[in-house]
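What follows is a short report on a single structure.
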Amino acid sequence: MASSAPPHCSITSTKSYQNDHYPQNHLQNQHPNHHWRSSHNFSLGSSSPATRNAAKPGNAPLSRSPNFSSLSPLPSSKTELGADFRGRRSTRFVSKMYFGRQKAATGSRHTSVAEEVLERAIRFGGDEQTLETVLRSFETKLSGSDDYTFLLRELGNRGECSKAVRCFEFAVQREHKRNEQGKLASAMISTLGRLGRVDLAKSVFETANTEGYGNTVYAFSALISAYGRNGFCQQAIEVFESMKASGLKPNLVTYNAVIDACGKGGVDFSRTVELFDEMVRNGVQPDRITFNSLLAVCSRGGLWEEARNLFNEMVYRGIDRDIFTYNTLLDAVCKGGKMDLAFEIMSEMSEKNVCPNVVSYSTMIDGYAKAGKLEEALNLFNEMKFVGIGLDRVSYNTLLSIYAKLGRFEEALGICREMEGSGIKKDAVTYNALLGGYGKQGKYDKVKEVFEEMKAENVTPNVLTYSTLIDAYSKGGMHKDAMDIFREFKQGKLKADVVLYSALIDTLCKNGLVESAVGLLDEMTRGGIQPNVVTYNSIIDAFGRSATGQFQEDADDGVNELQPESLMHLDLEEAVECKVGDKEENNQVMRVFGQLADEKVRYSKEDTKRKSQEILCILGIFQKMHQLKIKPNVVTFSAILNACSRCNSFEDASMLLEELRLFDNQVYGVAHGLLMGCSEKIWLQAQSLFDEVKSMDSSTASAFYNALTDMLWHFGQRP
DNA sequence: GTAGGGTTAG
């Protein structure tokens, strides 16, 4: 049986982690199965020039640039499933408004007058007029753009957006040198970007260009960064292109900003590497931050091999690795589900004098939790406390969500108290975790109570709050409550996202309304919201179950409106725009919920004709996923294998299995091979596949295993 | 110009 230990990783060295801090017995108490160990012969893959350019034969990953072969995964004797197969959850980019970071005082060129003005502006500045007065009274003493740049940045750091803008306007009017005005504009754009005000950043940029001081590499770079950090990756890339078109040469900061935007915007690794290659071609040498941002691209996609190769490339180029490098690498490896390797990397950190911090621990803990190893995750929390690392907002929320998922609400509430004791107020993330936890346990009274508390505490629900609630109530068959929540969502200004749509689609699917679900899928795509693998998995699963529902033809309820066809074109956008009481009868989603609540949906009987149509539907969906470059994962495969088990003919099943081949020859090979009869070779491949599946969380693993054995059993009965 | 958490599929 193949080992789940990563290559190059020592399993013999037993030197304990951070011996000086750690009594051995503590380690044993906390880690019955797991000792931190430093492994001297561990390396993150090979970094010798002779082997770094070795290309992986055969099944190359999708995202790889031929121009950057050093980033290719190393040859592997062991078959590895793609990260996508592993069914890791998608991580959406959420704009974070954390803005409390003070800029280090190094290299600042402002005068002490600027600091005094800042202090006054904050202390007295209740409004812009006061700021104006302060600025005027110090006008002659403030020395040029450096002082004003300092001021507007610092005002920005304190969240004083309008004051920062006023300060910028004041300064730029009094400045006559174009390059100085340009400096002010770049600083303003960057500050607005940090404040999440991309709209203002863009208008400052445009004004600067109209006035003739905005056509600089700095202003472009600042705007790229503003777009990037706020999740507008496409715009960031467009600005980058327009910058080159206008004859400006991007510098290191520009490239770093655009590469970072790619990471935040979910751009393919291969596409991002093209930017990297372009950068190198143009003689701009990448630095630590370039690599850290590239690593972040890998971390989003769980591309742990690519991340490891990037790390080796840094070693090879002599670029220092800092805590960001390690934490981002750790995250990529954790998201790739390689917890053993992540563990080794964490050990190596201490050895290289890069001390794991609260982020390193949170990353590992989240990795363990997502792998279903909740006890390991909790042990790490204890260890973190033991080494004296305090918990912050993120780690408290991570811990809370673990307890909530486990249904250990006493402990979860204990964490809430501890949080508040440390002066951290419960935020939307905290409440969402509680709502999700209670929802999963079917404690709907608690769900209502917590949601009420959330409002009473003035914590604004976000889209995820609504998705969580709609999902919870729908799964509990409480369609009336789900409808109420959806109505409340519509009343707000929030925009539906892929998660909300997926939750609605899944509800429709679970109630047999697959056609309606497909209608909603079309609509979200039209509305510019990309479905993801989860969305498609719901639909494939529904088709695979051959449960096609339709509305009861009940004369009292207006027969024509209740035909399934009328639900083919659900329009959530329209639904979102219409206010409560305002033509609610035209709101299709609301109507579906209403019908579900009144139990007006019944299931049609399974019939052979329908089944073969559904197989075609599954194939169509699969092709659509392929077109959209959405890679199926283990859940998709399980759903398809389940559909195979329901096929009447071996030919139909083969057709579905053939589709698996499009994406993953290994899964296909094993499924097909086992179906055709076991040879020694197939059995070895199957062993390796099962090993890989075994490292996933237990419910995922057993779902896949059951789906496969069901399919084999189903056809094994036939001659 | 850089890192971690909450959600949807099984």
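Because the structure is predicted, anything quoted here is derived from the model rather than measured. To find a chain, count down the sequence lines: A is the first, B the second, and so on, and within it residues start at 1.
For A/F451 and A/Y444, the ring centers are positioned 6.0 Å apart or more. Checked against the 6.0 Å centroid threshold, A/F704 and A/F690 do not count as a close aromatic pair.
Ring pair A/F409/A/Y438 is parallel by interplanar angle, where below 30° counts as parallel and above 60° as perpendicular.
Nearest to the side-chain atoms of A/D471 among the listed nucleotides B/dA9, B/dT2, B/dG4 stands B/dA9. Comparing B/dG4, B/dT8, B/dT7 by their closest approach to the side chain of A/L464 singles out B/dT7. Considering only side-chain atoms of A/T363, the nucleotide from B/dT7, B/dG4, B/dA9 that sits closest is B/dG4. Of the listed nucleotides (B/dA3, B/dA9, B/dG10), B/dA3 has the atom at the smallest distance from the side chain of A/N357. Out of B/dG6, B/dG4, B/dA9, the shortest distance to the side chain of A/A428 is found at B/dG6. The side chain of A/V429 has B/dG6 as its nearest neighbour among B/dG10, B/dG6, B/dA3. Of the candidate nucleotides B/dG6, B/dG4, B/dT2, B/dT2 has the atom lying nearest to any side-chain atom of A/K264. Taking only side-chain atoms of A/K510, from C-beta outward, the nucleotide of B/dG10, B/dG6, B/dG4 with the closest atom is B/dG10. Distances from the side chain of A/K335 to the nucleotides B/dG4, B/dG6, B/dT2 place B/dG4 closest. Counting only heavy atoms from C-beta on, A/I289 has its side chain closest to B/dT2 among B/dT2, B/dT8, B/dA3.
Rounded to a whole Å, the CZ atom of A/R300 is 14 Å from the C1' atom of B/dA3. Atom pair A/M524:CE and B/dT7:C1' shows a separation of 13 Å (rounding to whole Å applied). In this structure, A/L434 places its CG atom 10 Å from C1' of B/dG6, rounding to the nearest Å. Atom CD1 in A/I630 sits about 19 Å away from atom P in B/dT8, given to the nearest Å. Rounded to whole Å, atom C1' of B/dT7 lies 17 Å from atom OH of A/Y501. A straight line from CG of A/D541 to P of B/dG10 spans 6 Å, rounded to a whole angstrom. In this structure, the NZ atom of A/K440 is 12 Å from the C1' atom of B/dG10, given to the nearest Å. Look at NZ on A/K405: it is 9 Å from C1' on B/dT7, rounded to the nearest Å.
Residue A/S538 is classed as a sugar-phosphate contact, given heavy-atom separations below 4.0 Å to backbone atoms only. Backbone-only contact: A/T398 has heavy atoms under 4.0 Å from sugar-phosphate atoms and none from a base. Using a 4.0 Å heavy-atom criterion, one finds that A/V358 contacts the bases of the nucleic acid, with or without backbone contacts as well.
An OP1 or OP2 oxygen of B/dG6 is reached within less than 4.0 angstrom by a side-chain nitrogen or oxygen of A/K370. Distances shorter than 4.0 Å separate none of the side-chain N or O atoms of A/R393 from OP1 or OP2 on B/dG4.
For B/dT7, its base never sits under 3.5 Å from the side chain of A/S467 at any donor and acceptor pair. Residue A/N642 places no side-chain atom within donor-acceptor reach of the base of B/dG10, judged by atom type and a 3.5 Å distance cut-off alone. Taking only distance into account, the side chain of A/D322 never meets the base of B/dA3 through a donor-acceptor pair shorter than 3.5 Å.
For the residue pair A/N357/A/S360, the side-chain donor-acceptor check at 3.5 Å is satisfied.
A/F205 contributes atom CZ, which lies 3.5 Å from atom CZ of A/F220 (distance to the nearest 0.5 angstrom).
Under 4.0 Å is where a charged nitrogen must lie from a carboxylate oxygen, and between A/K385 and A/E418 at least one such pair does.
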